[in-house]
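Naming: A, B, ... by sequence-line order, numbering from 1 per chain.
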Protein chains: 2
Amino acid sequence: MESAPKTKTRIEDIRRVELIEAAHRVFLKSGLNGLTTTRICQEAGMSQGILTYYFKNKDEVLFEMVRYANRVLMDDVVVRLRQAKTNWQRLMAIIEGNFPEASYNANTANAWVSFYAAAASNARYNMLQRLFYRRLRSNLSSALNSVLTPNRVDRFAQGFAAMIDGLWLRRGHSEDLTAAEAISLLTEYAEQALGVDMVDKLRKPTAELL
Amino acid sequence: MESAPKTKTRIEDIRRVELIEAAHRVFLKSGLNGLTTTRICQEAGMSQGILTYYFKNKDEVLFEMVRYANRVLMDDVVVRLRQAKTNWQRLMAIIEGNFPEASYNANTANAWVSFYAAAASNARYNMLQRLFYRRLRSNLSSALNSVLTPNRVDRFAQGFAAMIDGLWLRRGHSEDLTAAEAISLLTEYAEQALGVDMVDKLRKPTAELL
DNA sequence: TAAGAAATTGTTAGCGCGTACAATTTTTTG
DNA sequence: CAAAAAATTGTACGCGCTAACAATTTCTTA
């Protein structure tokens, strides 16, 4: 019976998404510091005032944009995880998905570093950061819990996550660091941390639990 | 014969150092974003105008402050390196020196992350970043060149540096990450990347070249 | 100790920013 | 098609910041 608010909501949703995507494009170019209300709106082809009509304030847009940006990056992991048949492939899905060739560049890296910096004094960003880490640990756990105890998974995740973050951090200022190298360094790390025996175990097809 | 500019230079040097140290204290508390001219001067117990009297501008103070901050951190490495007798001890000096118990806390970590973020759009910061990395690689090289070719050292340094940066980055928002754990994770990484044989070699006393 | 130099202060101009809001245009609806 | 509602624009205010600079105090030196 509610046909009235139909179009209203539709436009609202469209504009919100447009603004978030515009903010995302600016973010990938210039990081959080480059993100002014004026630039977001002009990137979206709208006028400045529109922002506070569809969002509480600028922070609201940025928060949604970061979630969106992470979703875009992590889609790669999700797709690869779905195709994985063995636990080793699951681990490789996580590794390769964290360094998509197309995204692993200096601008994107610096954008994320600026997010990390902002998270130091922004409670909501901080929560997102923790959420992202929990997701990673959970993915790792599902790939490794057949060979590692929960405690071992935690420790492995610590080093693994540090390596991912470090490789992204360094990407921002090392022109000669490719996605392939990052993947290779992280793979090597995982192989050495787990040892040959465990890697062999992980390579065996997963016993299906139907 | 130059007795006239004696006191002048003395005061100039003192004030410059005082301002740099004051900026450093603010930096460790609140990162680069918290660093306004007003805050630096009030931390130093001086009035705002003094800053441009002794420095070209604020950026100049910040640049010198970052060099100072790095020197403070790296002093630990230098001291440990001097005491090292074997190449393995040299490697451990680098590892332990990069995570001094007293400095490895969330505020300091976040301060450095804010520096990394700023380096994305600040050419001089970027040069400092590269300089810091070259120093690390050079230290690593002097510890490992007896067992690794230059190319291997480079590759090792890539992963090693990523791990250091990642462990600092993560320290900013993981309350439960201690210096001991960081050192242990990095040591483990080095041991596994080098293998038992090389570690054994590194443990033998260095042949003195007198 | 007086004059000149050096050091220090406090104020102010100017800029970029977020956002509130009145004014305007477009869309919806009876 | 007119009146009301929704969407969009442009402007303007206030804030925090850097840097410039005139005014003032403190030190030097002859």
*Asks:* What is the separation between atom CG on Leu19(B) and atom P on dT9(C), rounded to the nearest whole Å?
*Replies:* 10 Å

*Asks:* Residues in side chain to side chain donor-acceptor pair (under 3.5 Å) with Arg155(B), at least two apart?
*Replies:* Ser184(A), Glu188(A)

*Asks:* Calculate the interatomic distance between Arg15(B) atom CZ and dT8(C) atom C1'; express it in whole Å.
*Replies:* 9 Å

*Asks:* Are the charged groups of Lys29(A) and Glu43(A) less than 4.0 angstrom apart, N to O?
*Replies:* yes

*Asks:* Scan residues 69-91 of chain A for pairs that pass ring pair (Phe, Tyr, Trp, His ring centres under 6.0 Å), counting only residues two or more places apart or in two chains.
*Replies:* none

*Asks:* Can you tell me how the ring of Tyr189(B) sits relative to the ring of Phe156(B), calling it parallel under 30°, perpendicular over 60° and tilted otherwise?
*Replies:* parallel

*Asks:* Of all of residues 116-123 of chain B, which get a heavy atom below 4.0 angstrom from DNA chain D, listed by number?
*Replies:* none

*Asks:* Just to be sure I understand the geometry, which residues of residues 27-42 of chain B put a non-hydrogen atom under 4.0 Å away from DNA chain D?
*Replies:* Leu35(B), Thr36(B), Thr37(B)

*Asks:* For residues 134-155 of chain B, which residue pairs qualify under ring pair (Phe, Tyr, Trp, His ring centres under 6.0 Å), counting only residues two or more places apart or in two chains?
*Replies:* none

*Asks:* Could you tell me how far apart Leu51(A) (CG) and dG18(C) (C1') are, to the nearest whole angstrom?
*Replies:* 9 Å

*Asks:* Side chains of residues 75-83 of chain A: which donor-acceptor pairs under 3.5 Å do they make with residues two or more places apart or in other chains?
*Replies:*
{"unit_1": "Asp76(A)", "atom_1": "OD2", "unit_2": "Arg80(A)", "atom_2": "NE", "d": "3.0"}
{"unit_1": "Asp76(A)", "atom_1": "OD2", "unit_2": "Arg80(A)", "atom_2": "NH2", "d": "3.4"}
{"unit_1": "Arg80(A)", "atom_1": "NH1", "unit_2": "Glu96(A)", "atom_2": "OE1", "d": "3.1"}

*Asks:* Throw together a table of side-chain donor-acceptor distances under 3.5 angstrom for residues 109-129 of chain A, partners on residues two or more places apart or in other chains.
*Replies:*
{"unit_1": "Asn110(A)", "atom_1": "ND2", "unit_2": "Ala106(A)", "atom_2": "O", "d": "3.2"}
{"unit_1": "Asn110(A)", "atom_1": "ND2", "unit_2": "Gly172(A)", "atom_2": "O", "d": "3.3"}
{"unit_1": "Ser114(A)", "atom_1": "OG", "unit_2": "Leu32(A)", "atom_2": "N", "d": "3.0"}
{"unit_1": "Ser114(A)", "atom_1": "OG", "unit_2": "Ala111(A)", "atom_2": "O", "d": "2.6"}
{"unit_1": "Tyr116(A)", "atom_1": "OH", "unit_2": "Asp165(A)", "atom_2": "OD1", "d": "3.2"}
{"unit_1": "Asn122(A)", "atom_1": "OD1", "unit_2": "Arg124(A)", "atom_2": "N", "d": "3.0"}
{"unit_1": "Asn122(A)", "atom_1": "OD1", "unit_2": "Tyr125(A)", "atom_2": "N", "d": "3.1"}
{"unit_1": "Arg124(A)", "atom_1": "NH1", "unit_2": "Glu60(A)", "atom_2": "OE1", "d": "3.4"}
{"unit_1": "Asn126(A)", "atom_1": "OD1", "unit_2": "Arg130(A)", "atom_2": "NE", "d": "2.9"}
{"unit_1": "Asn126(A)", "atom_1": "ND2", "unit_2": "Ala119(A)", "atom_2": "O", "d": "3.2"}
{"unit_1": "Gln129(A)", "atom_1": "NE2", "unit_2": "His173(B)", "atom_2": "ND1", "d": "3.4"}

*Asks:* Name all residues meeting the side chain to side chain donor-acceptor pair (under 3.5 Å) criterion together with Gln48(B); count only those two or more places apart in sequence or in a different chain, and write none if there are none.
*Replies:* none

*Asks:* Of the candidate nucleotides dG10(C), dT11(D), dT9(D), which contains the atom at the shortest distance from the side chain of Gln48(A)?
*Replies:* dT11(D)

*Asks:* According to side chain to side chain donor-acceptor pair (under 3.5 Å), who are the partners of Gln89(A), at least two apart in sequence or on a separate chain?
*Replies:* none

*Asks:* Can you check the Glu18(B) CD to dT8(C) C1' distance for me, whole Å?
*Replies:* 13 Å

*Asks:* Just how far, in rounded Å, is P of dA5(D) from CZ of Arg10(A)?
*Replies:* 22 Å

*Asks:* Below 4.0 angstrom, which residues in residues 52-62 of chain A have at least one non-hydrogen atom near DNA chain C?
*Replies:* Thr52(A), Asn57(A), Lys58(A)

*Asks:* From CD1 of Ile14(A) over to P of dA7(D), roughly how many Å is that when rounded to an integer?
*Replies:* 11 Å

*Asks:* Using whole Å, what does the distance between atom C1' of nucleotide dT28(C) and atom CD1 of Ile11(A) come to?
*Replies:* 11 Å

*Asks:* Could you tell me the separation between the CE atom of Met46(A) and the P atom of dT26(C), rounded to a whole number of Å?
*Replies:* 16 Å

*Asks:* Give me each pair satisfying ring pair (Phe, Tyr, Trp, His ring centres under 6.0 Å) with a member in residues 32-70 of chain B, each pair once, sequence neighbours excluded.
*Replies:* His24(B)-Tyr68(B)

*Asks:* Can you list the residues that meet the side chain to side chain donor-acceptor pair (under 3.5 Å) rule with Arg152(B), with sequence neighbours excluded?
*Replies:* none

